[in-house]
2 protein chains.
Amino acid sequence: MPWDFKSDRPIYTQLIEQIELKIFSGEYPPGAKLPSVRDIAQEASVNPNTMQRALAKLEEDGLVITHRTSGRSITEDIELIKKAKNQLAKQQIAEFLEKMKLMGFEKTETLALITDMLEEMKK
Amino acid sequence: MPWDFKSDRPIYTQLIEQIELKIFSGEYPPGAKLPSVRDIAQEASVNPNTMQRALAKLEEDGLVITHRTSGRSITEDIELIKKAKNQLAKQQIAEFLEKMKLMGFEKTETLALITDMLEEMKK
DNA sequence: ACTATTGTATTAAGCGCTTAATACAATAGT
DNA sequence: ACTATTGTATTAAGCGCTTAATACAATAGT
């Protein structure tokens, strides 16, 4: 199935993010082999060049390892994954709180809205 | 001072968002007159055409009113503003929770992380 | 040894975003 | 009545993103 993209950001940045999420959530576990650029690009319905660009960034960050002719795999460095995951989480939270603050919501108000929505989602 | 933009999204969408935030927070109160396209564009350090594009969207949503030759002003429809504000807040929360979920954080875990960060910010 | 598969690189085209320059119509303010 | 200011429109250029087509080097797997 084609992956889900918003039209307001470059696809390659969204690919990076979505693959990161798959790694952090364990859908791509440490050491797992990734599909080839061509295959994963087709799966996501994007051009191989675009996927390549995203994978290059993930490799730069150490989350993905490239084996010249036998494809790519997720790093086995569990600590690295955990660190990256916590860093992203912190960033997400900070950005979110910042936006809510700019909208004029007090901290306690923001917290209340979240608990409300979590309650709703339980049903 | 030039406004703050990230490089991973079109400027005009960020302008829309930032002006919305100014409206919701009360920095641009209901009925207030906006600077002219040229002035506000210069303030934000963007091209007038780009600012025009953002304002056109805000006008489409009814948050901003255009007076052909005497500039623009924020709507006086307080209810409309409140509705838009709550809708954006809900969307922000939903997107945030969705991302955390995709990262593999449980709801209670996410909540704990937020309260932690709020505690930290108090200091 | 051969072959298919891997990552990688290059070129050209199309598209949207952004800027710059310029012009016009309408009217508030004098 | 005049003038400066308002929003609006148009054209051209540059840039990054994305796609498509194609090719190459390296090697796992047989």
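Because the structure is a prediction, the values reported are computed rather than measured. Order of the sequence lines fixes the chain letters, A, B, ..., with proteins taken first and strands second; residue numbering starts at 1 for each chain.
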In the strands shown, is [N] matched to any nucleotide by a Watson-Crick or G-U wobble pair with both distances under 3.5 Å, and which?
N      : answer
D/dA1  : C/dT30
C/dA13 : D/dT18
C/dC24 : D/dG7

Please report, rounded to the nearest Å, how far the [atom2] atom of [N] is from the [atom1] atom of [X].
X     : N      : atom1 : atom2 : value
A/R9  : C/dG16 : CZ    : C1'   : 17 Å
B/M51 : D/dT8  : CE    : C1'   : 16 Å
A/I40 : C/dT6  : CD1   : P     : 12 Å
B/Q52 : C/dT22 : CD    : P     : 20 Å
A/R68 : D/dA26 : CZ    : C1'   : 5 Å
B/R53 : C/dT18 : CZ    : P     : 7 Å
B/L55 : D/dT8  : CG    : P     : 9 Å
B/K33 : D/dT6  : NZ    : P     : 7 Å

_Looking at A/K101, I'd like to know if its NZ atom is crowded, meaning that more than 12 non-hydrogen atoms belonging to other residues, nucleotides or ligands lie closer than 6.0 Å._
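No, the 6.0 Å shell around NZ holds no more than 12 heavy atoms from other groups.
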
[X] side-chain proximity, nearest of [options]:
X     : options               : value
B/T69 : D/dC17, C/dA26, D/dT8 : C/dA26
B/N49 : C/dC17, D/dT8, C/dA20 : C/dA20
B/P10 : D/dT18, C/dC17, D/dT6 : C/dC17

*Does the side chain of B/Q91 pick up a donor-acceptor pair with the side chain of B/E95 at under 3.5 Å?*
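B/Q91 vs B/E95: donor-acceptor pair found between side chains.
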
Look at [X] and [N] and indicate whether a side-chain polar atom (N or O) is within less than 4.0 Å of OP1 or OP2.
X     : N      : answer
A/S70 : C/dT5  : no
A/T50 : D/dT19 : yes
A/R72 : C/dT8  : yes
B/Y12 : C/dT18 : no

Evaluate the side-chain proximity of [Y] to [X]: yes if any heavy-atom separation is below 4.5 Å, no if none is.
X      : Y      : result
B/L113 : B/M100 : yes
B/W3   : B/I19  : yes
B/L63  : B/Y28  : no

*Could you tell me whether B/R38 contacts a base, only the sugar-phosphate backbone, or nothing, with contacts defined as non-hydrogen atoms closer than 4.0 Å?*
base

